[in-house]
Protein chains: 2
Amino acid sequence: MSSMAQAQDQRPRDVAGYKHGRVPRAVRYDQLLDLAEGLLVERGYAGFSIDDLCRAAGVSRPVVYEHFGSKDGIYLACVGRIRAEFEEAVLNASAGSQDLATTLERGADAFFSILERDPRRWSLVYGGANALVGPLAGQLADLRDTTVQQIAVASAPFAPHAEPERLAAWAHAVSGAGEQLGRWWLRNPQIPRERIVAYHRDFLTAAARYLIASTEAGPVPDSHG
Amino acid sequence: MSSMAQAQDQRPRDVAGYKHGRVPRAVRYDQLLDLAEGLLVERGYAGFSIDDLCRAAGVSRPVVYEHFGSKDGIYLACVGRIRAEFEEAVLNASAGSQDLATTLERGADAFFSILERDPRRWSLVYGGANALVGPLAGQLADLRDTTVQQIAVASAPFAPHAEPERLAAWAHAVSGAGEQLGRWWLRNPQIPRERIVAYHRDFLTAAARYLIASTEAGPVPDSHG
DNA sequence: CTTGACATCTTACGCGCCGTAGGTTACGGT
DNA sequence: ACCGTAACCTACGGCGCGTAAGATGTCAAG
């Protein structure tokens, strides 16, 4: 939870229930994470400064570094938490479905509902590959791969004969299509959610039919005979 | 062209054919763009500094600002040029195809060939949504939309009855799937290109069948009856 | 050749922000 | 009352962005 970090109060303030600025480690961590998320969502990675976070929390710089190590550390923590909550919601929605199409449709519906409810928050995860190089890039990619892996796991029971690699490719394509559709929707919010979901569902339904059919029919069809 | 900017020479150097540091505007622009691309590809947006660029070009800071206005300006110029070259290659490869499946397959083959030939260069475009907010985010999204638009235009003749919005959704999904597949491949280069292309082709072929069928059959199928 | 306008480039600065070294203050057990 | 430790702070070095103000080469006209 804790999705509604506002972070607009610039004056230092005490955390609920603690007299002076002094607060237990875990509590401070949560407070900082909430505030950081709010600032990041509002201003983006580049516009986010640790000094702002400190001012919002009423705390000095070393405190933040003691908890997160670096600016990238804060960013990763925020993205990781958001992604985890998102994955949980989507998986819960699609769990227990009887076929692949239903699994995908329920997952997609949950996905776009989240997007609609809290667009900017999710766009923080979306923006994703912030650093093209360096440690951050790899860690963000790891987070993304975790999500994709969940899609593969959820789909696997319905395509029991698919080789792992093909299944992975499938999951990546599904996730990529969904993300891009989501990005497009964020820039064109006048489109009602039902239509977006329908486009997505139709697209995936066709693709799903392919996944199952091709793996029943035989091994990898390859491109040069 | 001009994809091989090395930018490893740290000492100031004269541009070919000009005695002193003094060089015509257009020439300087090209030199800076080439060097900047090399540095960006090598170090990523965050690790790229204008001072480094100046050192590499043997020029002082205001020169760069006179040409590009800001660090984001340089970044946008590089990404824009790469994307334009990429689009041209893909469109050329797929032009003149007789059906949608062939169009997509040829385009995809060109896409992944480029990816294979110059992974890091393309990953600069890929990384894309660097800023989640602010002007840069919008301009990068515009560049991306241009690419997607080209997919839509190339696909349109083969689905003449598709409403524009459905076609747009289709194009975004196609592009998203391709990008994500590409990202996955970059992290798993041991997979041979033929297999990636085959996965992608199969995925899109199924989806293409859907696009055509659904638009021949009638209007938007929607999700709640 | 001189003069003046223009294009190209430079030195030098202010500012914001990251990350850290070293010191200070509350808390909790004995 | 006393000491260890957990939580916190002041103060700094350094880098990198963007700009103001000035210097220097180029070229055309008188």
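A, B, ... follow the sequence lines: proteins, then strands. Residue 1 opens every chain. Every heavy atom of this structure was used, including side-chain atoms; hydrogens, water molecules and symmetry mates were not.
No side-chain N or O of R83(A) forms a donor-acceptor pair with one of T146(A) less than 3.5 Å apart. Checked by atom type, the side-chain pair Y45(B)/D72(B) shows a donor-acceptor distance below 3.5 Å.
Residue contacts shown for F48(A) are limited to sugar-phosphate atoms, with no base heavy atom under 4.0 Å away. Within 4.0 Å (heavy atoms only), R25(B) reaches sugar-phosphate atoms of the nucleic acid but no base atom. In this structure, V63(B) reaches the bases: a heavy-atom distance under 4.0 Å links it to at least one base atom across the strands shown. Contacts of S49(A) with the nucleic acid, taken as non-hydrogen atoms under 4.0 Å apart, involve only primed sugar atoms and P, OP1 or OP2.
Ring pair W184(B)/H172(A) is parallel by interplanar angle, where below 30° counts as parallel and above 60° as perpendicular.
Taking atom CZ of residue F68(A) and atom P of nucleotide dC18(C), one finds them 14 Å apart after rounding to whole Å. Remark: P of dG16(D) and NZ of K71(A) are 14 Å apart, rounded to the nearest angstrom. Whole-Å rounding puts the L53(B) CG to dC17(D) C1' distance at 13 Å. Taking atom OH of residue Y29(B) and atom P of nucleotide dC9(C), one finds them 15 Å apart after rounding to whole Å. As rounded to whole Å, 10 Å separates atom C1' of dA7(C) from atom CD of E66(B). Rounded to whole Å, the distance from CZ on R55(B) to P on dT10(C) is 14 Å. When the P atom of dG16(C) is taken as reference, atom CZ of R43(A) falls 14 Å away, rounded to whole Å. Atom-to-atom, CG of L32(A) to C1' of dA7(D) comes out at 12 Å; the value is rounded to the nearest Å.
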Q: List the steps, then state whether salt bridge (charged side-chain N to carboxylate O under 4.0 Å, His left out) holds for R61(A) with E66(A).
A: CA-CA 9 Å; R61(A) 299 179 55 71; E66(A) 195 54 42; over 6 Å; no

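For the OP1/OP2 pair of dA7(C) and a distance below 4.0 Å, the side-chain nitrogens and oxygens of R28(B) include no atom meeting the criterion.
Considering only side-chain atoms of Y65(B), the nucleotide from dC17(D), dT20(C), dT10(C) that sits closest is dC17(D). For D51(A), whose side chain is taken as the heavy atoms from C-beta onward, the closest listed nucleotide among dA7(C), dC17(C), dT10(D) is dC17(C). Of the candidate nucleotides dC9(D), dC9(C), dG18(D), dG18(D) has the atom nearest to the side chain of I50(B). Of all nucleotides listed (dG19(C), dT8(C), dC17(C)), dT8(C) comes nearest to the side chain of R22(B).
Atoms CZ and CZ, from F112(A) and R195(A) in turn, are 14.0 Å apart once rounded to the nearest 0.5 Å.
Heavy-atom distances to DNA chain C give each of P24(B) and R61(B) a nearest nucleotide, and the one nearer the 5′ end belongs to P24(B).
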